[in-house]
Amino acid sequence: MRSLGIGLIGTGFMGRAHALAFNNARAVFELPFNLTLAALADADTKRAQRCASAWGFAQAHGDWQQLIDNPHVDLVAITTPNHLHYPMAMAALAAGKAVYCEKPLATSLQQADAMRLAAYEAGVVTRVGYNYQHNPMIAMARQMIDAGELGQIISFQGEFSEDFMADPASPWSWRCEVEHAGGALADLGSHLLAMARYLVGDVSKVCADSQTVHAQRPASPGSTEWRSIAVDDQVHALLRFANGARGTVSSSWLKHGYKNHLSFEISGTHGTLAFDQERLNELRLFRAGEQGFQRLLAGPALPGYAAFSPAAGHQLGYNELKTLEVQELIMALAGQGAAGTDFEAAWEVERLATALRLAAREERWVNVSEI
Ligand code: NAD
């Protein structure tokens, strides 16, 4: 079997999630490649060395360019703050390496556009970390929609809210910088836009309102020095889908009580499907004529679930979704990919987010084709 060398950049929240996912994918799936954990890079060299040893990577680099130049690395996984996705992905593509980049793809549509074109020219596999789509329950929702079980889709009402910035004393981080990140819409809303597109299709028109509620935050935990914040804390929007369905999306990182509330209700002429990532093993289904919602529970009848557990009700978690994302990526590298978000599809998400920002700034409906 051919081996595939993994190079991972970043050792934070997502760096660890990717490392777990590569390790778990080797353990759980029969993959067409022998995955080798070739190299790990982080700007903090000591941390790179410590994590490489703990997570099973053969080499550690303090300079990410060395990881890209490492001849043992075939696939570059990027889990750094958003503004670093562009230079790192472009360098990896220039070296002819496959790229698995965290979301959102970039911090500007111009960068996202250059990235998708570079990926096209390099002719390599690319994927972006819209992991929530790899939930077997979301695949089931997509199948039910495609099979017409809900009838004609007329409405998508979606929300992705968390509360990790709800306290005005929550300090500044790279997520608060326009040029490094892009606010709640980039951080959370991008997942929701990707989900809406995955389940209902292209969006043709948007109207939006966004707000920065806390215009200053402490420069670091407990600091008395304040930094100005210009990114959105919350955004609310109306969507018109190309297939005629109407929609709403909202996203906030200030909404007390919500920890990972990527949720939606999709209604058609024959029924409604409802989902909440905080209960990711469930879908709620209402069929016209019935008395109430049925609760559909994930179980081993779904292959993505059976890979982890033969028993119903034992439940998948976030890290299993990441593992399923890695499995699809590895299959794509063997020419058997199915449902992953590549740079082209992630550029479409950026285009939609850009349309929302323009609509909010100019207080008008915006045709996505204007962007
Ligand atoms: P984090 O701050 O926890 O980790 C960032 C890592 O990047 C750190 O290890 C840091 O040392 C490293 N880094 C920074 N600059 C570097 C450089 N120049 N060279 C090498 N390493 C460098 O951030 P995070 O929460 O892991 O977020 C990282 C990315 O993952 C972001 O793009 C974010 O949007 C995305 N993310 C995705 C999900 C998801 O569900 N898919 C969830 C959280 C974050």
Side-chain angles (χ1 to χ4, degrees), residues 7-21 39-52 54-55 57 60-70 76-92 99-107 111-112 115 127-135 138 160 162 164-165 171-177 179-195 220-221 231 251 253 259-262 277-278 280 317-326 328-329 340-341 346 349-350 353:
L8 172 61
I9 312 178
T11 61
F13 176 15
M14 275 308 103
R16 185 169 49 184
H18 281 227
L20 284 171
L40 181 64
D42 198 282
D44 177 341
T45 312
K46 282 212 171 99
R47 186 166 163 77
Q49 284 163 347
R50 201 168 56 245
C51 292
W55 299 346
F57 284 82
H61 300 287
D63 175 353
W64 58 267
Q65 185 64 54
Q66 283 173 3
L67 178 141
I68 288 172
D69 295 340
N70 186 325
V76 177
I78 301 170
T79 69
T80 48
N82 304 352
H83 70 291
L84 294 170
H85 297 177
Y86 173 76
M88 291 174 173
M90 292 299 273
V99 183
Y100 173 29
C101 182
E102 264 313 324
K103 46 55 61 179
L105 183 57
T107 52
Q111 287 180 353
M115 290 163 85
R127 287 293 184 268
V128 177
Y130 287 112
N131 31 257
Y132 299 114
Q133 289 169 35
H134 295 276
N135 184 343
I138 296 298
F160 193 177
E162 296 193 5
F164 68 98
M165 297 296 275
W172 172 96
S173 75
W174 59 263
R175 285 183 164 81
C176 301
E177 289 291 326
E179 62 275 15
H180 288 179
L185 176 59
D187 198 43
L188 305 177
S190 59
H191 276 295
L192 182 62
L193 298 178
M195 185 68 83
S220 57
V231 296
S251 193
W253 57 27
K259 306 301 173 187
N260 194 3
H261 185 49
L262 194 178
Q277 175 63 25
E278 290 187 5
L280 72 101
Y318 178 86
N319 289 311
E320 276 84 46
L321 304 191
K322 217 65 196 159
T323 305
L324 287 163
E325 180 169 80
V326 161
E328 193 280 332
L329 160 66
T341 305
V349 175
E350 293 312 307

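Counting starts at 1 for both ligands and their atoms, in listed order.
In K322, the part holding a heavy atom less than 4.0 Å from any atom of ligand 1 is the side chain.
Scanning L105, T45, T79 for the heavy atom closest to atom 28 (C) of ligand 1 points to T79. Across the listed options A43, P104, G12, C51, A43 owns the non-hydrogen atom lying nearest to atom 21 (N) of ligand 1. Ranked by closest heavy atom to atom 7 (O) of ligand 1, the top entry among A41, P81, A181 is P81. Taking only non-hydrogen atoms, the option from R175, M14, E102 nearest to atom 25 (O) of ligand 1 is R175.
Looking at Q49, its side chain never comes within 3.5 Å of a backbone N or O of A60 through a donor-acceptor pair. A donor-acceptor pair under 3.5 Å is formed between the side chain of E320 and the backbone N or O of G317. Side-chain N or O atoms of E328 include one that pairs as donor or acceptor with a backbone N or O of G340 at under 3.5 Å.
Those atoms of ligand 1 with a heavy atom of H85 less than 4.0 angstrom away are 32 (O). Of all atoms in ligand 1, numbered sequentially from 1 with element shown, those under 4.0 Å from a heavy atom of H191 are 39 (C), 40 (O), 41 (N). Numbered from 1 in the order shown, with element, the atoms of ligand 1 that lie under 4.0 Å from a heavy atom of Y132 read 40 (O). The distance from ligand 1 to the heavy atoms of T11 drops below 4.0 Å at these ligand atoms: 9 (O). Applying the 4.0 Å criterion to heavy atoms of Y318 picks out, from ligand 1, the atoms 38 (C), 39 (C), 40 (O), 41 (N), 42 (C).
Nearest protein heavy-atom neighbour of atom 33 (C) of ligand 1: K103 O, 3.6 Å. What sits closest to atom 22 (C) of ligand 1 on the protein, heavy atoms only, is T80 CG2, 3.6 Å. The shortest contact between atom 32 (O) of ligand 1 and any protein heavy atom is with N82 OD1, 2.6 Å. Looking only at protein heavy atoms, the nearest one to atom 9 (O) of ligand 1 is D42 OD2, 2.6 Å.
Not close to ligand 1: R47, with no non-hydrogen atom less than 4.0 angstrom away. Within the 4.0 Å heavy-atom cutoff, W174 counts among the residues contacting ligand 1.
The ring-ring contact (aromatic ring centres under 6.0 Å, His included) check on W253 picks up F164, with sequence neighbours excluded. For R47, the side-chain contact (heavy atoms from CB on, under 4.5 Å) partners two or more places apart in sequence, or in a different chain, are T11, D44, R50, C51.
Residue contacts with ligand 1: M88 is placed with no nitrogen or oxygen under 3.5 Å of a nitrogen or oxygen of the ligand (distance criterion only). Between G15 and ligand 1, no pair of N/O atoms sits closer than 3.5 Å. Taking distance alone, with nitrogen or oxygen atoms compared against 3.5 Å, N131 approaches ligand 1 more closely than that limit. Considering backbone and side-chain atoms together, L84 places no N or O closer than 3.5 Å to any N or O of ligand 1. Considering backbone and side-chain atoms alike, F13 places an N or O below 3.5 Å from some N or O of ligand 1. Any N or O atom pair closer than 3.5 Å counts here, and G129 shares at least one such pair with ligand 1. Of the N or O atoms in W64, none lie within a sub-3.5 Å distance of an N or O in ligand 1.
Taking the six-membered ring where tryptophan is involved, the planes of H18 and Y100 are essentially parallel, since the angle between them stays under 30° and well short of 60°. The aromatic rings of Y130 and H191 lie perpendicular to each other, with more than 60° between the two planes, well past the 30° mark.
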Let me see the working for H85 and Q111 under side-chain hydrogen bond (donor to acceptor under 3.5 Å, both in side chains), right down to the final yes or no.
CA-CA 9 Å; H85 297 177; Q111 287 180 353; over 6 Å; no

Could you walk me through whether E325 and R127 satisfy the side-chain contact (heavy atoms from CB on, under 4.5 Å) test, starting with their C-alpha distance in whole Å, then the side-chain angles of each, then the deciding distance to 0.1 Å, before giving a yes or no?
CA-CA 9 Å; E325 180 169 80; R127 287 293 184 268; 6.0 Å; no

I'd like to know whether K103 forms a side-chain contact (heavy atoms from CB on, under 4.5 Å) with D187, so could you lay out the CA-CA distance, the side-chain angles of the two residues, the decisive distance to 0.1 Å, and finally the verdict.
CA-CA 8 Å; K103 46 55 61 179; D187 198 43; 3.6 Å; yes

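The minimum heavy-atom distance linking L67 with V76 is given by the pair CD2-CG1, 4.2 Å. Contact between L8 and G15 at its shortest, heavy atoms only, is CD2-O, 3.4 Å. The shortest heavy-atom contact between I78 and A89 is CD1-N, 3.5 Å. Between W174 and P81, the shortest heavy-atom distance links the atoms CD2-CB, 3.5 Å.
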